[in-house]
Amino acid sequence: MTSGFDDIPFFDEEPAPRKPAPAAAAGGIAARAMAARDASRAPDYLAGLNPEQREAVESLDGPVLVLAGAGTGKTRVLTTRIAHILATGRAYPSQILAVTFTNKAAREMKERIALLVGGAVEGMPWLGTFHSIGVRLLRRHAELVGLSSDFTILDTDDVIRLIKQLIQAEGLDDKRWPARTFAGMIDNWKNKGLDPAQIPEGDARAFANGKGRELYVAYQNRLKTLNACDFGDLLLHPIRMFRANPDILKEYHEKFRYILVDEYQDTNTAQYMWLRLLAQRPKGVPQNVCCVGDDDQSIYGWRGAEVDNILRFEKDFPGAKVIKLERNYRSTEHILGAAGHLIAHNEGRLGKTLFTDRSDPDDDKVIVHAAWDSEEEARAVGEEIEQLQRNQHNLNDMAILVRASFQMREFEDRFVTLGLNYRVIGGPRFYERLEIRDAMAYFRLICQPADDLAFERIINTPKRGLGDTTVRTLHDYARAREVPMLAAAAEIIETDELKNKARKSLFDVVTDFRRWQSLLENTPHTELAEQVLDESGYTAMWQNDKSAEAPGRLENLKELIRSMEAFESMRGFLEHVSLVMDAEQNEDLDAVSIMTLHSAKGLEFETVFLPGWEEGLFPHQRALDEGGRAALEEERRLAYVGITRAKRRCHIWFVSNRRIHGLWQSTLPSRFLDELPPGHVDVAETEQSYGGYGRGGYGQSRFDNADPFSNTYSTPGWKRAQQHRSDATRDNWGTRSGHAVERIGYGESGPKGRTIDGELVARSTSAEPSRFAVGDRVFHIKFGNGNIASIEGNKLTIDFDRAGQKRVLDGFVEKAKLT
DNA sequence: CGACGGCGACTTTTT
DNA sequence: GTCGCCGTCG
């Protein structure tokens with residue numbers, strides 16, 4: 001490379017929404033980075049890296065796989081590596097392809113690179129998610145895959161509505177063959193990179209009486225006529241495009257001198273194909289690809305991620321250098337010890353062991369707590385949080401990580417009662433709200449008159465007397481003439497196909513849209529947006545709505561307009577929304593975070609609470625039933641992710657009773673508890689939570705010490721529980737007994753007594769002989785009377801008269817009084 | 001067109 | 001238990 005930072009010409013006409021002067025920005029970054037390099041022999045940005053990190057940063061030639069354990073400075077390596085590439089003048093910013101999975105990760109990376117090399121990172125146009133980069137490629141080369149470059153990106157909701165239409169058009173019962181299911185199937189196929197012709201015969205047959213393939217074809221055709229893509233297409237179209245046009249692929253090969261991929265363990269097959277097309281070079285040409293990931297944190301297998309991609313990296317890229325980052329900068333020794341011992345139970349892994357130098361005798365061990373039921377669990381966690389708060393800990397430093405979102409509710413209820421601030425992360429998203437989607441549909445239709453889905457969404461919203469009949473007529477008319485529905489509407493009002501009322505109404509809408517479209521170029525887009533919402537009567541619709549949500553919806557609409565200000569045009573805004581569905585959280589508030597384990601990946605907190613460690617919930621029954629060993633290992637990785645989120649304190653909970661689908665079920669502690677190393681774990685012997693009155697006395701942990709007030713609990717079962725408290729403690733997760741059929745029932749119709757793969761299932765049953773015998777009549781505090789069907793150590797299977805068959809610990813039942 | 005009642009579902013989630 | 005969807009009825 002010589003002077004000047006002019007890029008390869010055909011990349012200069014980026015549809016840059018704001019005002020990056022690519023050349024200048026590029027020069028700025030590289031120049032500053034070089035200045036940083038020249039400032040001293042060892043450039044600042046390399047200072048403070050450990051030897052492995054430094055090697056990962058400096059190994060620029062040839063393929064590199066960085067196996068970066070939790071908290072080992074993965075992002076730092078990625079960003080520093082980019083800075084290093086720039087600083088050493090090996091590539092211009094626009095010659096680096098850097099891929100992440102989420103917009104959030106991309107954003108963070110940009111910020112951190114900016115910190116390293118100073119100033120704008122706008123010179124890095126190819127740093128983004130797989131999907132956003134896919135869009136960028138497609139907008140450029142749309143015609144090669146039969147689209148025009150202003151194609152629409154459909155989200156899940158659009159896709160489902162579209163599929164539903166197709167299913168109905170086929171004359172199929174959309175109840176028997178739900179659109180959602182088929183959307184899921186298409187998604188799976190696309191994750192695997194499969195065209196309709198390539199899908200497995202079995203899959204094709206499985207849906208709609210064998211019409212699966214046919215429907216997939218119809219769906220793709222429909223997308224084409226709509227000039228639209230779904231998310232999967234954003235990956236698949238570029239793949240097709242590259243395969244069909246080697247010359248273009250070659251241009252990109254020359255273009256991208258360095259390729260970096262974050263979270264490689266989460267790539268699915270389509271992403272993998274995409275990446276290989278771009279990364280693999282002819283013999284002799286260095287493949288400067290660097291993938292960073294952690295096989296132990298692969299938790300998205302269920303949505304198509306292939307851990308295998310990371311496991312076979314060295315085969316795909318011969319001569320690859322593999323660098324392990326195992327020095328952890330986040331957590332205490334105990335937390336790492338617990339997590340490491342747990343994850344060691346997995347077989348399919350490359351094998352890393354995290355370590356830290358930080359060792360402090362005052363560090364808490366991982367603490368395991370037992371609670372009677374989920375309500376007590378929530379109450380006790382709440383108390384612990386308040387206790388920490390009294391000791392000057394910020395709520396922002398605490399998180400509750402649950403397996404499934406239904407668990408959140410109990411915590412929310414409790415925290416509302418306590419007046420404890422909390423935030424739920426990953427709930428329903430701003431752009432998915434009804435009013436936002438309606439408003440967006442108006443905007444979409446203005447920008448893209450061919451967007452029939454948008455048209456159908458808002459043609460009668462607010463109500464204008466254009467009901468099903470009219471829409472159907474329009475639909476048929478449009479199909480017959482092969483024009484978009486808005487165009488069809490414009491035509492049909494010239495005819496007498498519609499009744500006068502509908503015709504007049506439709507005429508008004510068409511006129512409105514014509515007007516708005518004419519304003520598109522010369523009116524500020526926020527102004528236009530407001531105008532559209534007002535003139536269409538959409539705002540008025542909510543103003544006249546007296547339901548409780550209406551004011552909030554109006555507020556959201558205002559927020560929508562506000563958020564448009566950051567964009568230069570309505571088109572730019574629409575593109576952003578279709579790809580970036582998240583809205584910023586309010587960081588100012590001091591609040592406990594509540595989220596799923598999945599959404600916690602990549603985050604860290606001083607204190608982490610992990611409730612719900614029970615068989616059937618975690619590991620989840622469905623994973624056990626459907627996914628076999630692989631799924632169990634993924635659940636274990638999820639547990640690993642959970643523990644490794646904690647910097648200093650990690651509290652794990654399990655309960656003995658949980659309500660699932662409205663039914664109380666007795667539950668058994670998660671097998672993962674048994675897989676924790678005793679040396680790094682403490683058992684919470686006492687809980688301060690005393691069960692509330694008026695709840696039948698179920699509020700107290702069976703591990704509570706006897707206390708003066710415990711005479712509230714005078715039921716036989718409770719006494720029994722008290723008496724066997726210490727036994728139960730040990731049996732629950734001290735010694736191990738078999739887990740072959742341990743599961744939470746899923747109601748009468750649920751699968752009964754499934755087992756998991758043999759070898760993982762039953763280890764020896766070591767518990768002492770039971771005081772009960774098969775056939776005994778027993779009483780349980782919650783389930784009433786029943787007969788013992790079978791005994792396994794201290795676990796009894798009982799046919800309860802009223803509650804049906806359950807498995808319970810013997811500490812919770814006593815011999816029934818004969819009557 | 002809107003209200004109400006019955007019915008089924010109900011892990012995890014990004015783009 | 002609760003939510004959301006769908007179909008029916010007024």
Side-chain angles (χ1 to χ4, degrees), chain A residues 99-106 128-135 153-160 164 173-176 178-181 184 187 190-191 229-236 263 266-268 270-271 298-305 374 401-410 425-429 431-432 434 460-469 545 547 575-582 595-602 612 616-627 631 634-635 637-639 641-642 658-665 744 746-747 749-750:
Chain A
V99 200
T100 63
F101 270 82
T102 63
N103 292 296
K104 194 172 154 220
T129 63
F130 276 100
H131 297 268
S132 64
I133 290 169
V135 173
I153 301 163
L154 302 185
D155 67 20
T156 322
D157 201 77
D158 296 321
V159 167
I160 289 171
K164 189 164 188 172
D173 178 3
D174 63 321
K175 224 160 175 180
R176 173 125 188 264
R180 184 174 290 281
T181 308
D187 200 48
K190 291 193 171 179
N191 284 160
C229 276
D230 62 16
F231 285 123
D233 287 340
L234 298 181
L235 297 172
L236 292 190
E263 306 279 19
D266 287 338
T267 45
N268 62 35
Q271 286 157 340
S298 157
I299 54 175
Y300 286 110
W302 51 274
R303 69 178 197 210
S374 48
L401 311 182
V402 298
R403 176 63 183 86
S405 34
F406 75 82
Q407 293 173 261
M408 293 178 180
R409 188 179 173 152
E410 211 130 19
I425 298 185
R429 288 182 279 168
Y431 292 113
E432 280 168 8
L434 176 99
N460 202 29
T461 308
K463 302 276 181 276
R464 355 179 126 85
L466 298 169
D468 272 359
T469 336
D545 188 311
S547 67
E575 175 110 337
H576 169 83
V577 171
S578 58
L579 289 172
V580 183
M581 297 289 287
D582 57 350
M595 69 187 96
T596 63
L597 287 160
H598 283 93
S599 37
K601 192 165 79 156
L617 177 59
F618 193 34
H620 199 278
Q621 192 58 42
R622 204 128 144 194
L624 300 177
D625 287 346
E626 291 166 14
E634 183 156 309
E635 294 281 300
R637 290 193 291 268
L638 202 47
V641 167
R658 192 174 287 281
R659 196 164 51 186
I660 294 180
H661 306 333
L663 293 170
W664 280 100
Q665 308 283 163
I744 302 175
Y746 274 81
S749 57

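Heavy atoms only: backbone and side chains are in, while hydrogens, waters and symmetry mates are out. Lettering follows sequence order; numbering is per chain, from 1.
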**Student:** Check the distance between B:dT11's C1' and A:Phe406's CZ and give it to me in whole angstrom.
**Tutor:**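 Checked: the CZ to C1' distance equals 9 Å.
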
**Student:** If you assign A:Glu634 and A:Lys463 each to the DNA chain B nucleotide with the nearest heavy atom, which residue ends up on the more 5' nucleotide?
**Tutor:**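 Result of the comparison: A:Lys463.
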
**Student:** Does the ring of A:Phe231 lie flat against the base of B:dT14, closer than 5.5 Å centre to centre with planes under 30°?
**Tutor:**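 According to the criterion (under 5.5 Å, under 30°), no, A:Phe231 does not stack.
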
**Student:** Output yes when a side-chain donor or acceptor of A:Asp266 lies under 3.5 Å from a complementary backbone atom of A:Ala305, and no otherwise.
**Tutor:**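 Here the side-chain-to-backbone pair does not exist.
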
**Student:** Suppose we screen for side-chain hydrogen bond (donor to acceptor under 3.5 Å, both in side chains). Which residues come up paired with A:Thr129, at least two apart in sequence or across chains?
**Tutor:**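 side-chain hydrogen bond (donor to acceptor under 3.5 Å, both in side chains) check on A:Thr129 returns A:Ser132.
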
**Student:** So is the aromatic ring of A:His620 stacked onto the base of B:dT11, judging by whether the centres are under 5.5 Å apart and the planes are under 30° apart?
**Tutor:**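 Per 5.5 Å and 30° rule: yes, stacked.
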
**Student:** Return the value, rounded to whole Å, for the distance between atom CD1 of A:Ile160 and atom P of C:dC5.
**Tutor:**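 So the CD1-P distance, A:Ile160 to C:dC5, works out to 10 Å.
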
**Student:** Please check the phosphate of B:dT15 (OP1 and OP2 only) for any side-chain N or O of A:Asn103 closer than 4.0 Å.
**Tutor:**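 Yes, within the criterion.
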
**Student:** Please check if the distance between the ring centroids of A:Trp302 and A:His598 is under 6.0 Å.
**Tutor:**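 Centroid separation for A:Trp302 and A:His598: below 6.0 Å.
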
**Student:** Between A:Thr596 and B:dT13, is there a contact of a side-chain N or O with OP1 or OP2 at under 4.0 Å?
**Tutor:**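 Indeed, a polar side-chain atom of A:Thr596 lies that close.
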
**Student:** Calculate the interatomic distance between A:Tyr300 atom OH and B:dT15 atom P; express it in whole Å.
**Tutor:**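 Answer to the nearest Å: 9 Å.
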
**Student:** Taking side-chain contact (heavy atoms from CB on, under 4.5 Å) as the test, write out the residues that go with A:Thr156, two or more places apart.
**Tutor:**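 So A:Thr156 forms a side-chain contact (heavy atoms from CB on, under 4.5 Å) with A:Ile160.
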
**Student:** A:His598 NE2 to B:dT15 P: how many Å, rounded?
**Tutor:**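 Distance check: A:His598 NE2 to B:dT15 P gives 15 Å.
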
**Student:** Within this structure, what is the CG-to-P distance between A:Asn268 and B:dT15, rounded to whole angstrom?
**Tutor:**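 Rounding to the nearest Å, CG of A:Asn268 and P of B:dT15 are 14 Å apart.
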
**Student:** Quick one: label A:Arg409 by what it contacts on the DNA or RNA (base, sugar-phosphate, nothing), any heavy atom closer than 4.0 Å.
**Tutor:**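 Answer is sugar-phosphate: A:Arg409 comes under 4.0 Å of backbone atoms only.
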
**Student:** Whole Å only: how far is the CG atom of A:Asp157 from the C1' atom of C:dG4?
**Tutor:**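 Taking CG of A:Asp157 and C1' of C:dG4, I get 13 Å after rounding.
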
**Student:** Taking only residues two or more places apart in sequence, or in another chain, which ones meet A:Thr100 in a side-chain hydrogen bond (donor to acceptor under 3.5 Å, both in side chains)?
**Tutor:**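 Scan of A:Thr100 (side-chain hydrogen bond (donor to acceptor under 3.5 Å, both in side chains), adjacent residues dropped) gives none.
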
**Student:** To the side chain of A:Ser405, which of B:dT11, B:dT12, B:dT14 is closest?
**Tutor:**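 Within the option list, the nearest is B:dT12.
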
**Student:** Return whichever of A:Arg464 or A:Leu597 has its heavy-atom-nearest nucleotide of DNA chain B closer to the 5' end.
**Tutor:**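 This one resolves to A:Arg464.
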
**Student:** List for me each residue that meets side-chain contact (heavy atoms from CB on, under 4.5 Å) alongside A:Asp157, sequence neighbours excluded, and say none if there are none.
**Tutor:**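 With sequence neighbours excluded, A:Asp157 shows a side-chain contact (heavy atoms from CB on, under 4.5 Å) to A:Asp155, A:Arg161, A:Arg437, A:Arg457, given in chain and number order.
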
**Student:** Check the distance between B:dT14's P and A:Phe101's CZ and give it to me in whole angstrom.
**Tutor:**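 Rounded to whole Å, this separation is 13 Å.
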
**Student:** Quick test of the criterion, 5.5 Å between centres and less than 30° between planes. Is A:His131 stacked on B:dT14 or not?
**Tutor:**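 Not stacked: fails the 5.5 Å / 30° test.
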
**Student:** Pairs under 3.5 angstrom, nitrogen or oxygen only, protein versus nucleotides 6-10 of chain C, please.
**Tutor:**
| residue | atom | partner | partner atom | Å |
| --- | --- | --- | --- | --- |
| C:dC6 | OP1 | A:Lys164 | NZ | 2.6 |

**Student:** Report which part of the nucleic acid A:Asn460 touches: base, sugar-phosphate, or nothing (heavy-atom distance under 4.0 Å, all strands).
**Tutor:**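 Sugar-phosphate only.
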
**Student:** Given B:dT13, B:dT14, B:dC10, identify the nucleotide with an atom nearest to the side chain of A:Ser599.
**Tutor:**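 Comparing B:dT13, B:dT14, B:dC10 against the side chain of A:Ser599, the answer is B:dT13.
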
**Student:** Can you tell me the distance, in whole Å, between the CG atom of A:Leu235 and the C1' atom of B:dT14?
**Tutor:**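 So the CG-C1' distance, A:Leu235 to B:dT14, works out to 11 Å.
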
**Student:** So, using side-chain contact (heavy atoms from CB on, under 4.5 Å) as the criterion, who are the partners of A:Ala600 when residues are at least two apart?
**Tutor:**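 side-chain contact (heavy atoms from CB on, under 4.5 Å) list for A:Ala600, sorted by chain: A:Leu401, A:Met595, A:Arg645.
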
**Student:** Treating A:Glu635 as the side-chain partner and A:His620 as the backbone partner, does any N or O pair qualify as donor plus acceptor under 3.5 Å?
**Tutor:**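 The answer is yes, because a donor-acceptor pair under 3.5 Å joins these two groups.
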
